[in-house]
2 protein chains.
Amino acid sequence: MVTFSEISPSEFFYRNRDLAGFTNPARALYMAVRELVENSLDACELTRMLPDIYVRIVPDGQGGETSEPRAYRVTVADNGPGVDPHHVPRAFGKVFYGSKYVLRQSRGMFGMGGTMAVLYGQITTNKPVKVTTSVDGKSRHIFEMLIDIGENKPIILRRDTEEANGKTGTRVDVVLEGDFTRSAQKINEYFKQTALVGSYANLTFVDPIGRISTFERATESLPPPPKETLPHPYGVDVEAFKRMVKLNEEKTMKRFMTTHFHRLGDKTAVKFLMFAGVKPELAPEKLSNEQVVTIVDALQRFQEFLPPDASCLSPVGEQILSTGILKELEPEFSTVVARPPSSYSGFPFLVEVGLVYGGKVLEPGRKLFRFANRIPLLYDESSDVSFRVLNEEIDWRRYHVPDEAPVAVITHICSTKVPYKTVGKEYIADRPEIEAEIRNAVREALRRLSLYLSKKGSMEAVQRK
Amino acid sequence: MVTFSEISPSEFFYRNRDLAGFTNPARALYMAVRELVENSLDACELTRMLPDIYVRIVPDGQGGETSEPRAYRVTVADNGPGVDPHHVPRAFGKVFYGSKYVLRQSRGMFGMGGTMAVLYGQITTNKPVKVTTSVDGKSRHIFEMLIDIGENKPIILRRDTEEANGKTGTRVDVVLEGDFTRSAQKINEYFKQTALVGSYANLTFVDPIGRISTFERATESLPPPPKETLPHPYGVDVEAFKRMVKLNEEKTMKRFMTTHFHRLGDKTAVKFLMFAGVKPELAPEKLSNEQVVTIVDALQRFQEFLPPDASCLSPVGEQILSTGILKELEPEFSTVVARPPSSYSGFPFLVEVGLVYGGKVLEPGRKLFRFANRIPLLYDESSDVSFRVLNEEIDWRRYHVPDEAPVAVITHICSTKVPYKTVGKEYIADRPEIEAEIRNAVREALRRLSLYLSKKGSMEAVQRK
Ligand SMILES: Nc1ncnc2c1ncn2[C@@H]1O[C@H](COP(=O)(O)OP(=O)(O)OP(=O)(O)O)[C@@H](O)[C@H]1O
Ligand SMILES: Nc1ncnc2c1ncn2[C@@H]1O[C@H](COP(=O)(O)OP(=O)(O)OP(=O)(O)O)[C@@H](O)[C@H]1O
Ligand SMILES: [Mg+2]
Ligand SMILES: [Mg+2]
């Protein structure tokens, strides 16, 4: 007797929380911190506020309990724009609910990171999450909630309003089973690297025994904000095309094309429609199913679309990256290569690479620091596209860089859609276009290092012995 | 103005189909074949039928089109029990719907593999899937369907019934954009390896130019079926415990424990309840929230629960594995090590390892064949737990096996819940318990190989030169 059942998205990730990165107490503690911090950074950058983010981890309950894993209260507070109270319950209590389902670069993309932290807390400690937020600085809204995991919806236990002190922002308190001993080093590294690429942010971290680490902003200027963009022709499949046609209000195919696609002007639109065998004056709703398939196929084959432009991307920038490198790694030599924008499957992306040699901090051997949309990626290095490029596609000997030389490579990929291989955003798939861009950037950086080393010449050879 | 939206599970995997393994036309073609074949094998094994599975890939439409990627019709037909017509639309047209959400070993576990093949076909070719099935051999039900991706529900375009010819079974025809040139080798390898561990199955594969590959069954006996099991105490969190209590009909905590947990008898149940500070006679519905948390915490710490037994597992078995190895690899030496059952986070699993040396097929160097619940895993080898054990935790020199020796290692992990790291079931997380079992099995196999090699002695050394 075969019995069928349906499960909700929250049920799916409750059962398969490994897929979302919440594998064990140490990793879950790390994930909860990063998911909440990334939400705060996204929110501040979107509304152009210099981020002040406060993170605290406090042992929860049972005074005598000292062995790990154990319950911790994780608090993340920001000075961001706050969350509209009408949306708070679902933003934190529903999987696949969020504001980042648009085509614009942001750290968040799945609509579930914050909710996973809440869910993991609930299943390990049975305690509700507390979300405190103010969108106008006048009133502050307090929610205590659980998640109805079977139904994928929030259960509001308590809902209060109080006076705010003039500041907007959001604070999340979640109690979960963690293992700080095992995740301390990664959590500290996460803050350090976040500060490296986000030197406009103030980060404060208070750990379970009360030690305070502060990362003060080194600049008052936020990077230029990424703009929301239209899909690029190469990124469109039949489903997406049909939806565009359905919502379309333009009268002709020519107008439809130029208003729905990224960087598509009249002349190219007409040229493409002729190429696809479609009259430019045709009304879009009159397209047959066969014509839709023909057009989408032609979209992939037409060679004259302009590549995506960078206005929808927000790189770290050569200056911020160099400043961060100098401050964190105090190198003997460093260089930053910023590649022009490219695209994979129609999604704009660009690669920035920093190459660092010698100095006070680096130890012998090659170290890799990976970032995507400004998020430090600290796990599963050997599965990541950057690691593969460095170890399988770069011939280090050719640049006269010995294996034991103290070298660090920093890679940052920013995109309207980072092709993570996992829901836990651990590492990036090896898309050939991205691979090529990383390879080109690293080679250019290595040429510069090679030049520096040869200038340093025999003196370096003597120093190294 | 921040706008929030909710997306459905199908919408999520439409946008993020990389997460489900449908990354590009070559990979998608492979994934469609494997998802459908795995469904057929699961169904036949569950109902104890020797599987006859037929797979055909045919170029679809446009006579002259010869360049790849291009549209293919993928057909997978089996002689299994069929799918209840009441459930067909949702089984194939809804993400997170299926019959494998129970605690029993099977290839499927997510409730979405077949649906993803249908979805990918729809978005690349706009064509509906055709599902033909008979559960009684008398009448055959035909469905032509699309998926409403925004709503995660099936759209039935056509629904017919005709006479069946006495046979039960299911046939799925899906049209999708694939790249057979690029995926041919992997698809052929998938069949070969499926046959290696599933030598009770007949597999027939007809490729796009009409070449037929047949893998005939080498045995008429199916492996013993895995039984559905109760959760093991170590695998239970607060959420799961509360649900058990809610559905419970037993009058006392003692009865509740013994009827809801795997291998938990009266004596141990009472001992545990005393350990957790709960009266064995207490009515479960009277438990307070605090008591629930205390009990779940105590479940992790109590040392006297019996380890899981193997009745819920279905290994390949030493005999089938050896036979498959001899047939496929014609080795000079081979051995199989079957480890006793173990568990991770309360989920039973066991590891079987085959070690193969020399012979007609193997080339110099170490080759790894990975299986999980009898599924061949052909991608992302270097991220997998087996690869890491072989390359980072085994000292091959210690067993006098030189790096260029022609060696193959076959690992099979079977579990009620395989800890895949990705929805595309590409590779397995390195859970310490699983790591340990693979390591122990490989070491034992290497001891035996080492013995064989030393007996072969200097004669082998002469032969190798
Ligand atoms: N600190 C915050 N300030 C403002 N808005 C927030 C904050 N935290 C969460 N949100 C809102 O809640 C939504 C849901 O957050 P959640 O982390 O679950 O998903 P996401 O960030 O959209 O995507 P991802 O799963 O990739 O993190 C966000 O899209 C955002 O609109
Ligand atoms: N050939 C088949 N014969 C019998 N039942 C089938 C067949 N194919 C699919 N099904 C049924 O349809 C359900 C959904 O299949 P689907 O592949 O989407 O999910 P799953 O196999 O349960 O999990 P997974 O996503 O891990 O493959 C299955 O659980 C099974 O009950
Ligand atoms: Mg988020
Ligand atoms: Mg399946």
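Residue numbers begin at 1 in each chain, while the letters A, B, ... track the order of the sequences. Every value quoted in this text rests on a predicted model; they were computed, and no experiment measured them.
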Given that the side chain runs from C-beta out, which part of Ala240(B) has a heavy atom under 4.5 Å from chain A: side chain, backbone, both or neither?
both
Any side-chain heavy atom of Lys421(A) sitting closer than 4.5 Å to one from Thr23(B)?
no
Apply ring pair (Phe, Tyr, Trp, His ring centres under 6.0 Å) to Tyr379(B) and list each qualifying residue two or more places apart in sequence or on a separate chain.
Tyr30(B)
When rounded to the nearest 0.5 angstrom, what distance separates CG in Asn152(B) from CZ in Phe96(A)?
9.5 Å
The side chain to side chain donor-acceptor pair (under 3.5 Å) partners of Asp84(B) (sequence neighbours excluded) come to none
Taking only residues two or more places apart in sequence, or in another chain, which ones meet Lys242(A) in a side chain to side chain donor-acceptor pair (under 3.5 Å)?
Asn126(B)
Quick check on Lys100(A) against chain B: is it the side chain, the backbone, both or neither that has a heavy atom closer than 4.5 Å?
neither
Shorter than 4.5 Å, heavy atoms on both sides: which option in Gly98(B), Gly424(B), Ala91(B) has the most such pairs with chain A?
Gly98(B)
Given a strict heavy-atom distance threshold of 4.5 Å, which part of Thr124(B) is in contact with chain A: side chain, backbone, both, or neither?
backbone
Would you please go through residues 11-21 of chain B and name the residues with a non-hydrogen atom below 4.5 Å from one of chain A, in numerical order?
Glu11(B), Phe12(B), Tyr14(B), Arg15(B), Asn16(B), Arg17(B), Asp18(B), Leu19(B)
Are Glu6(B) and Arg90(A) close enough for a salt bridge, meaning some N to O gap below 4.0 Å?
no
Value rounded to 0.5 Å, distance of OH in Tyr120(B) from CG in Asp237(A):
9.0 Å
Test side chain to side chain contact (heavy atoms under 4.5 Å, CB included) applied to Ser382(A) and Arg388(B), step by step
CA-CA 11 Å; Ser382(A) 56; Arg388(B) 283 158 196 253; 3.5 Å; yes
Heavy atoms, side chains only, cut-off 4.5 Å: are Val83(B) and Phe4(A) in contact?
yes
Sort Thr3(A) into side chain, backbone, both or neither according to what part of it lies under 4.5 angstrom from a heavy atom of chain B.
backbone
Report which part of Ser8(A) has an atom under 4.5 Å of a heavy atom belonging to chain B: side chain, backbone, both, or neither.
backbone
Engaged part of Glu426(B) at the chain A interface, taking heavy atoms whose separation is under 4.5 Å:
side chain
Under the criterion side chain to side chain contact (heavy atoms under 4.5 Å, CB included), I'd like the reasoning laid out for Asn24(A) against Arg431(B): C-alpha separation, chi angles, the key distance, then a yes or no.
CA-CA 10 Å; Asn24(A) 56 52; Arg431(B) 290 285 183 144; 5.9 Å; no
Side-chain heavy atoms of Val293(B) within contact of Lys127(A), under 4.5 Å
no
The interface call for Gln300(A) against chain B, heavy-atom contacts under 4.5 Å, is neither
With a 4.5 angstrom heavy-atom cut-off, could you sort out which part of Ser5(B) is near chain A: side chain, backbone, both or neither?
both
Side-chain touch Val2(A)/His87(B), heavy atoms, less than 4.5 angstrom:
no
Counting only non-hydrogen atoms closer than 4.5 Å, does Thr125(B) touch chain A with its backbone (N, CA, C, O), its side chain (CB onward), both, or neither?
backbone
